[in-house]
Amino acid sequence: LCPVCFDSHANIELPCKCTFCSQCVLNWIIDILKTTPQIEVKEFKCLTSTCTKKFTQSDVIDRFDAKQKEELFEVLLN
């Protein structure tokens, strides 16, 4: 169960072992990339507010479907 959207398809386990659905992880990454100069973004804080671990986009990119990868690449290229 994704703790953000409560979807039962929590299919991405971050390196810290917290688990979320792919769309919530994607939205989290995109929100950070849109609000922070991309040159500064190398890691992303876990979505769990009490977790202090970080992850990189390469930790999760393979778990995104083709449409989600395209959405992420559009943000990265702009």
What is the distance from atom [atom1] of [X] to atom [atom2] of [Y], rounded to the nearest 0.5 Å?
| X | Y | atom1 | atom2 | value |
| --- | --- | --- | --- | --- |
| I30 | Q23 | CD1 | CD | 7.5 Å |
| E13 | K17 | CD | NZ | 4.5 Å |
| I32 | E43 | CD1 | CD | 11.0 Å |

Show the nearest heavy-atom pair for residues L47 and C24, with the distance to one decimal. CD2-O, 3.8 Å
Excluding sequence neighbours, so at least two apart, what forms ring pair (Phe, Tyr, Trp, His ring centres under 6.0 Å) with F64? none
With sequence neighbours left out, write down each residue that passes side chain to side chain contact (heavy atoms under 4.5 Å, CB included) with K53, or none if nothing qualifies. C16, C51
Can you tell whether the side chains of E71 and K67 come within less than 4.0 Å, N to carboxylate O? no
Check whether any side-chain heavy atom of [X] sits under 4.5 Å from a side-chain heavy atom of [Y], and report yes or no.
| X | Y | answer |
| --- | --- | --- |
| L14 | V60 | yes |
| F20 | L26 | no |
| S22 | Q68 | yes |
| F55 | V25 | yes |
| L76 | Q57 | yes |

Verdict with supporting geometry, L72 and L33, side chain to side chain contact (heavy atoms under 4.5 Å, CB included): CA-CA 9 Å; L72 177 58; L33 291 173; 3.8 Å; yes
Heavy atoms of other groups near K69 NZ, more than 12 under 6.0 Å: yes
Closer than 3.5 angstrom, by distance alone: can the side chain of D31 be matched with the main-chain N or O of W28 as a donor-acceptor pair? no
